[in-house]
Amino acid sequence: MLKIAKYPQAILRKTAKPISDFNAELKKLAVAMAEVMFADDGIGLAGPQVSQSQRIIVVGDGKGDHYDVYVNPEITFASKEKDTSEEGCLSLPGIFGNVSRPKKIHVKYQDLDGKVVKEKVKGLKAIVIQHEVDHLDGILFIDRAQKITKGQDILDTLKK
Ligand code: NI
């Protein structure tokens, strides 16, 4: 099982590299990432979180074991209308915070075969995709949180 990189590991702050090889190894990585995500009850996971500095994210639906894989995802539209919700992250266990993000987005990405796909997303999935795309750019939800709702003490200890 892949190991999750935890804050403040440096990999989490690096900009991940675009993926150009849509090979069997990439498919294996996606499956391994989904496995870790489900094992830790997450609903999203980005490459850097498993110490792979590559632009790939997996997104679950919080219910069953279905997941979607986005390679080289780009947010091409974000609504002016925003929503605030409490976010957490597998790389920051025990820490939660309120983050405001655009309600609706359009995302352009490649599937595991390299085919370009465009998708309109709203609701929880839109939040998860934005959180995970941030990871690819070295951004964590604590950078965007207006308020840390749980685990401020843990965060203070980690920052020391
Ligand atoms: Ni995260």
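Remember, it's a predicted structure, so these values are computed and weren't measured experimentally. Ligands are counted one by one from 1 in listed order, and the atoms in each one are counted from 1 as well.
Pairs engaging residues 20-36 under the side-chain hydrogen bond (donor to acceptor under 3.5 Å, both in side chains) rule: Lys27-Asp113 [sequence neighbours left out].
Under 2.8 Å from the Ni ion (ligand 1), one finds the following protein N/O/S atoms: Cys89 SG, His131 NE2, His135 NE2.
Minimum interatomic distance between Arg55 and Ile19 (heavy atoms only, all atoms of both residues): O-CD1, 3.5 Å.
Just one of Leu140, Leu92, Thr149, Val99 meets the side-chain contact (heavy atoms from CB on, under 4.5 Å) condition when paired with Glu87; it is Val99.
Residues meeting the side chain to side chain donor-acceptor pair (under 3.5 Å) test with Asp143, sequence neighbours left out: Arg13. For Phe38, the ring-ring contact (aromatic ring centres under 6.0 Å, His included) test picks out no residue, with sequence neighbours left out.
With respect to Lys108 and Glu74, no salt bridge is recorded, no charged nitrogen being found less than 4.0 Å from a carboxylate O.
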